[in-house]
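I have placed the structure first, in the form of structure tokens, so that the comments after it can refer back to it.
Because the structure is predicted, anything quoted here is derived from the model rather than measured. Below, chain A is the first sequence line, B the second, and so on; all start at residue 1.
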2 protein chains.
Amino acid sequence: MQLRSHDHNKCIEAAVNAARDICHRRETRFTPLRCKVLELVWNSHAPVSAYELLDMLSQEGRKRAAPPTIYRALDFLIEEGLVHRLESLNAFIGCPDPAHKHQGHFLICRTCRTVTEVNDKKLIARLTKAARLQGYSCETSMVEIVGLCVECQN
Amino acid sequence: MQLRSHDHNKCIEAAVNAARDICHRRETRFTPLRCKVLELVWNSHAPVSAYELLDMLSQEGRKRAAPPTIYRALDFLIEEGLVHRLESLNAFIGCPDPAHKHQGHFLICRTCRTVTEVNDKKLIARLTKAARLQGYSCETSMVEIVGLCVECQN
DNA sequence: TTTTTTATGATATGTTATATCTTCTCTTTC
DNA sequence: GAAAGAGAAGATATAACATATCATAAAAAA
Ligand SMILES: [Zn+2]
Ligand SMILES: [Zn+2]
Ligand SMILES: [Zn+2]
Ligand SMILES: [Zn+2]
């Protein structure tokens with residue numbers, strides 16, 4: 001999914017609506033703070049750090065929040081599969097397909113920082129196999145591929 | 001490569017000898033400090049953090065070193081492919097095959113913390129393909145798989 | 001030897017994340 | 001509706017991870 005020009009408000013709205021729906025079905029609490037943080041995460045298709053989110057939250061008219069505020073909200077959103085953490089960037093990004101829980105795998109453009117989530121069955125199969133060949137089980141897998149996106153290759 | 005009982009001094013010695021050799025061929029400087037840090041990284045087959053290395057270094061009779069000391073040594077060792085960084089653990093581990101530079105992929109046991117490096121051709125091929133399917137190039141890839149090692153499955 | 005380069009030491013600070021205790025809010029029970 | 005309980009958010013402090021910058025030392029080059 002590339003950025004190009006698109007109505008990003010729709011992206012945000014869709015993400016929030018999906019989240020509300022999912023949490024309602026699971027009977028977990030999609031509170032105003034958690035909703036606000038999810039919106040902020042979805043401010044762009046680029047990953048955002050916890051402290052950037054804190055700054056954004058402060059500029060929303062609220063009084064300055066402390067780090068635990070944002071980390072707790074992120075913990076919830078990650079637990080519900082609404083947000084993923086990018087280990088190599090210490091940053092967070094909204095999941096475009098939160099309905100079914102999964103471990104996200106990511107393509108990161110080193111130039112424009114756009115991140116695309118992939119869900120490649122054959123890749124997952126190969127990860128499992130590579131582990132099994134060494135006698136390991138594969139419970140979760142973190143995959144972050146850095147390269148150039150379509151746009152930046154030109 | 002599993003741990004079980006083995007003569008770990010041989011592991012350390014082999015790693016240091018290989019490093020000395022590689023740096024000599026490349027005409028890069030395998031200084032006493034860098035050698036010491038490599039030895040400390042190889043103290044076990046589990047990942048070790050930068051600050052743990054600092055503590056270990058202090059207990060070697062040297063006066064307390066400052067963080068840049070260890071980070072600079074690690075930067076060198078990583079650049080030379082002698083050590084890899086585990087992004088999801090903020091930790092470092094010795095490379096068992098430093099002769100040929102490569103991006104390491106890792107199996108991490110969530111119980112005993114043992115880490116095994118894998119170099120799976122088919123996995124690398126699939127990572128490249130998954131990226132290309134989205135129009136991305138694949139320059140480097142971080143793969144960290146968490147599960148249980150052979151020992152811990154029993 | 002003098003100059004230049006590279007490595008290390010030292011100090012300060014920046015960035016990311018968590019522990020802990022308190023307060024608030026909402027729900028349940030009486 | 002009041003009391004009790006559970007979960008969320010606020011507040012404060014601190015831990016854990018990492019880098020910028022300038023000074024000094026050691027090694028290599030001229
Ligand atoms: Zn968008
Ligand atoms: Zn996802
Ligand atoms: Zn060993
Ligand atoms: Zn390796």
**OP:** Figure out the OH/P separation between A:Tyr51 and D:dA18, and round it to whole Å.
**Re:** 15 Å
Subject >> 5' priority, DNA chain C, between B:Pro68 and B:Leu33 [closest heavy atom] >> reply: B:Leu33
Subject >> Whole-Å distance separating the CZ atom of A:Arg29 from the P atom of D:dG7 >> reply: 9 Å
Original post:
Looking for any heavy atom pair under 4.0 Å, which part of the strands does B:Arg85 touch: base, sugar-phosphate only, or nothing?
Top reply: sugar-phosphate
Subject >> Start and end of the DNA chain C segment that chain A contacts, any atom under 4.0 Å from a heavy atom >> reply: C:dT16 to C:dT20
**OP:** In whole angstrom, give the distance that lies between atom CD of B:Glu27 and atom C1' of D:dA29.
**Re:** 14 Å
Original post:
Of B:Asn90 and B:Ala65, whose closest DNA chain C nucleotide lies nearer the 5' terminus?
Top reply: B:Ala65
Original post:
What is the distance, rounded to the nearest whole Å, between atom NZ of B:Lys63 and atom C1' of D:dA25?
Top reply: 14 Å
Subject >> Check: A:Arg72 side chain, D:dG10 base, donor-acceptor under 3.5 Å >> reply: yes
Subject >> Contact under 4.0 Å: A:Thr31 side-chain N or O vs D:dA9 OP1/OP2 >> reply: yes
Original post:
Could you state the CG-C1' distance from B:Asp55 to D:dA15, rounded to the nearest angstrom?
Top reply: 13 Å
Subject >> Residues in ring-ring contact (aromatic ring centres under 6.0 Å, His included) contact with B:His105, at least two apart in sequence or another chain >> reply: none
Subject >> B:His102 versus B:Glu117, side-chain donor and acceptor atoms under 3.5 Å >> reply: yes
Subject >> Closest contact, heavy atoms only, A:Val146 versus A:Arg110 >> reply: CG1-CB, 3.7 Å
Original post:
How many Å lie between CG on B:Leu74 and P on D:dA18, as a whole number?
Top reply: 9 Å
Original post:
Does B:Glu87 pair with B:Arg85 as a salt bridge, N-O distance under 4.0 Å?
Top reply: yes
Original post:
Within 45 degrees of the axis of the six-membered ring of B:Phe76 and under 6.0 Å from its centre: does B:Arg34 put its NZ or CZ there?
Top reply: yes
Subject >> B:Glu144 and B:Ser88 side chains, donor-acceptor separation under 3.5 Å >> reply: yes
Original post:
Separation of B:Asp75 atom CG from D:dC17 atom P, in whole Å?
Top reply: 16 Å
Original post:
Hey, does the side-chain of B:Tyr71 have a donor or acceptor N/O within less than 3.5 Å of a partner on the base of D:dA20?
Top reply: no
Original post:
Are A:Thr69 and D:dG10 close enough that a side-chain N or O sits under 4.0 Å from OP1 or OP2?
Top reply: yes
Original post:
How many Å lie between CZ on A:Arg34 and C1' on D:dA8, as a whole number?
Top reply: 6 Å
Original post:
Side chains of A:His8 and A:His6: donor-acceptor distance under 3.5 Å anywhere?
Top reply: yes
